[in-house]
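I have placed the structure first, in the form of structure tokens, so that the comments after it can refer back to it.
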Amino acid sequence: MSYTDRIKESNLCWLGLTEDYAFSDRIGLLTMNWLGLKEEYAISTPLVLGFILAALILRHATSLYQWSLKKPESSPQRAQHTKVLRKQMTPIGKFALASQTENRQSIITFFIALSNKIGHQPMGITDFERLWESRIMSEKRHERFDCCVSSADGYFEKLDKLFHDYASEPTHPDDIQETKERIIDFLTRPIDVHDKLWQVELSNGALGTSGAILHSNELKAKGHNTETLALFRNHHCLCDGVSLSAAVADLSNESEELRDKILYNIETHKQRILRTSFIRRALSFIVGSLTYYVFGSIVALTLQAWNMIVSSNPFEEFMKRGSCAERSVSWKYLASVEDAKRVTKSIKKGAKLNDLFVACLTSAIERQYECLSRNNRDTTSVNLIVTTHLRGGIILPGESIGNKIGAFAVTTPFKTKAGSSIKRLRTISKALQLMKRTPAPQISYLITSFISNYLPKRVAQYALVKANCHSVATISNVHGFPETIHWAGNPVEMICAFLPLPTGIPIGIVVTSYNGRIIMSVDADASVVPDADEFLQWMVDEYETIKSEAETSQ
């Protein structure tokens with residue numbers, strides 16, 4: 001990575017463009033980027049003791065960089081080709097390959113649903129191919145889409161495939177149940193990563209038949225009569241959800257506008273930061289780094305060890321193991337973005353939307369446990385895995401897709417322990433704010449990098465199960481688009497993604513915002529969540545309860 005590129009990435013982390021990052025988080029991310037801790041150069045030692053460990057990491061990164069410059073014993077053309085592709089294989093991608101099992105594939109699935117007005121030609125497979133080649137592949141920004149995993153050494157290799165080797169045009173789903181079955185098939189059917197890393201199905205039909213667009217009746221009243229459903233899936237070794245969101249943006253008519261907006265926000269925030277004196281920034285950097293790395297690492301590792309020892313998953317007795325395990329999926333609107341922000345801010349100062357989402361998820365888990373356990377209600381709290389994007393949920397203009405994610409476990413209380421929905425939300429907000437002041441996501445990234453690079457595959461599978469702290473669910477909050485985007489002039493109405501379920505975790509939740517609305521989706525083990533629609537409705541019910549209690553308290 002060039003000096004200029006590192007400065008650009010450091011600026012983004014320093015500016016903290018997302019509300020979920022406290023000042024100490026930005027200090028930590030800035031220092032990591034200055035040290036060159038990017039995904040191509042994996043670090044083998046967890047970040048435990050401040051600047052002492054930072055020096056060791058820097059030394060190790062330097063040795064790996066020198067190793068990467070060595071020329072392999074092959075032809076010059078092959079050597080140059082392999083070097084580029086090796087830098088694209090991320091430690092998280094390797095871990096996704098090593099940790100997956102036969103019944104728990106590391107496959108991300110999502111759909112894009114478009115509407116078409118009367119008399120307007122729907123997007124066909126040829127139209128989508130033209131859009132894909134012109135927006136994704138022509139600029140050579142996302143070359144991974146043309147790669148597979150090498151059977152010899154586990155790195156990416158360039159493929160010589162046509163677009164139709166990845167894309168197909170089946171019949172349009174007749175109802176929402178058929179759409180769900182296709183999603184489940186995409187989530188559970190293995191991908192031969194030595195052949196290709198992604199797949200898409202494109203279909204057109206009458207508006208509302210697939211059930212993908214939740215507000216189809218509103219669109220019919222506006223003169224729309226058909227819909228286009230683009231169902232994607234890719235192996236996690238290709239990229240993460242934030243990268244997929246960036247690819248969706250690149251396909252849109254508003255791609256240049258979205259890129260300019262990111263750069264404008266960066267420059268505006270940068271100028272505001274630079275108005276602070278240099279001495280004050282330097283002192284804040286030193287104090288923040290010491291607090292973040294030293295004390296934050298101690299807190300993060302202590303909580304992780306404690307949760308691994310004392311926690312339990314109350315759903316383990318209900319989970320089916322083996323090939324007979326089935327899935328249940330669903331998607332639903334939670335609320336408008338503005339309404340959710342207003343409710344959250346009225347309850348606790350500094351509370352974030354993600355705190356609200358975790359509280360709603362905890363309520364649904366509690367009600368699901370009540371249904372399964374009948375009268376046995378000895379559980380008063382559960383652990384959840386919260387995923388975090390290490391670059392603030394943003395892919396900079398010019399950057400390629402990748403895997404830049406970390407995660408941490410957090411304990412959330414049932415209402416029987418918290419006392420009320422508002423009190424539970426405040427407790428969860430406090431716990432999440434504590435974890436955000438620690439480098440827990442970075443530590444998980446470094447440990448994952450070490451395991452995927454240097455340890456056998458069975459160790460990765462073992463570590464994934466043990467390190468999840470007996471968590472019941474994993475939740476991911478992906479930044480969406482505040483306004484409607486268009487593909488080839490057709491408005492995108494819905495963007496909905498589904499998490500791959502890690503081994504031992506029965507519930508996966510994705511929350512994203514699009515065009516002013518918050519969209520939730522669930523992918524769950526059917527033995528734990530037999531009715532995914534009901535599960536998401538419980539999350540909506542909890543939001544309404546929190547909203548009502550907030551209005552009453554005011």
Side-chain angles (χ1 to χ4, degrees), residues 46-48 92 95-96 98-101 104 106 236 296-319 321 354-355 357-359 361-366 368-369 378-388 390 405-414 417-418 424 427-452 455 458-477 499-510 523-525 528-529:
L47 187 61
V48 179
I92 298 297
F95 188 80
S99 61
Q100 71 176 1
T101 63
R104 294 294 178 95
S106 297
H236 208 319
S297 296
I298 293 173
V299 170
L301 293 173
T302 301
L303 290 176
Q304 175 72 16
W306 175 259
N307 284 328
M308 290 174 65
I309 295 172
V310 305
S311 301
S312 62
N313 185 344
F315 291 101
E316 285 182 350
E317 60 179 301
F318 308 107
M319 294 172 61
R321 296 178 175 85
N354 208 44
D355 307 345
F357 303 150
V358 172
L361 172 58
T362 304
S363 174
I365 291 173
E366 180 178 10
Q368 189 66 71
Y369 181 65
D378 54 343
T379 300
T380 58
S381 63
V382 291
N383 285 344
L384 307 178
I385 296 294
V386 180
T387 62
T388 303
L390 300 182
I405 57 173
F408 60 86
V410 62
T411 301
T412 60
F414 284 172
K417 181 178 180 180
R424 170 163 54 193
T427 301
I428 289 173
S429 180
K430 183 178 180 180
L432 289 175
Q433 287 181 11
L434 172 64
M435 295 305 298
K436 290 171 187 174
R437 294 189 178 96
T438 73
Q442 291 90 330
I443 292 175
S444 69
Y445 178 85
L446 295 173
I447 294 176
T448 300
S449 301
F450 175 75
I451 293 174
S452 60
L455 299 182
R458 63 180 180 274
V459 176
Q461 296 176 346
Y462 177 83
L464 183 64
V465 174
K466 295 300 179 181
N468 67 24
C469 300
H470 306 282
S471 294
V472 172
T474 178
I475 182 170
S476 178
N477 181 9
L499 279 180
L501 288 183
T503 303
I505 299 181
I507 303 170
I509 298 290
V510 176
D523 170 28
D525 187 327
V528 172
V529 182

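Note that the structure is a prediction, hence the values are computed from the model and not measured. The basis for the numbers below is simple: all heavy atoms, side chains too, and nothing from hydrogens, waters or symmetry mates.
- At distances below 3.5 Å, at least one donor-acceptor pair connects side-chain atoms of Ser444 with backbone N or O atoms of Ala407.
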Decide side-chain contact (heavy atoms from CB on, under 4.5 Å) for Thr362 and Phe414; before the verdict, give the C-alpha distance in whole Å, the side-chain angles of both, and the deciding distance to 0.1 Å. CA-CA 7 Å; Thr362 304; Phe414 284 172; 4.2 Å; yes
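- For the atom pair CG (Leu384) and CG (Leu361), the distance works out to 5.5 Å, reported to the nearest 0.5 Å.
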For the pair Glu366 and Thr412, evaluate side-chain contact (heavy atoms from CB on, under 4.5 Å) and give the outcome as yes or no after the intermediate values. CA-CA 10 Å; Glu366 180 178 10; Thr412 60; over 6 Å; no
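- A side chain to side chain donor-acceptor pair (under 3.5 Å) with Asn307 is found for exactly one of Thr302, Thr411, Asn468, namely Thr411.
- If you take CG on Asn313 and OG1 on Thr379, they are separated by 9.0 Å, rounding to the nearest 0.5 Å.
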Determine, step by step, whether Thr387 and Ser476 satisfy the side chain to side chain donor-acceptor pair (under 3.5 Å) criterion, reporting the C-alpha distance in whole Å, the side-chain angles of both residues, the deciding distance to 0.1 Å, and the verdict. CA-CA 5 Å; Thr387 62; Ser476 178; 3.3 Å; yes
Where do Ile509 and Leu499 land on the side-chain contact (heavy atoms from CB on, under 4.5 Å) test, with the steps shown first? CA-CA 7 Å; Ile509 298 290; Leu499 279 180; 5.8 Å; no
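- Without hydrogens or angle criteria, Gln304 side chain to Ala467 main chain gives a donor-acceptor distance under 3.5 Å.
- Taking the six-membered ring where tryptophan is involved, the planes of Tyr369 and Phe315 are perpendicular, since the angle between them exceeds 60° and thus also 30°.
- Looking at Ser452, its side chain does come within 3.5 Å of a backbone N or O of Ser449 through a donor-acceptor pair.
- Here the side chain of Asn383 pairs a donor or acceptor atom with the backbone of Cys469 at under 3.5 angstrom.
- Residue Leu501 holds its CG atom at 13.0 Å from CD of Gln100, rounded to the nearest 0.5 Å.
- In this structure, the separation between CZ on Phe357 and CG on Asn354 is 6.5 Å, given to the nearest 0.5 Å.
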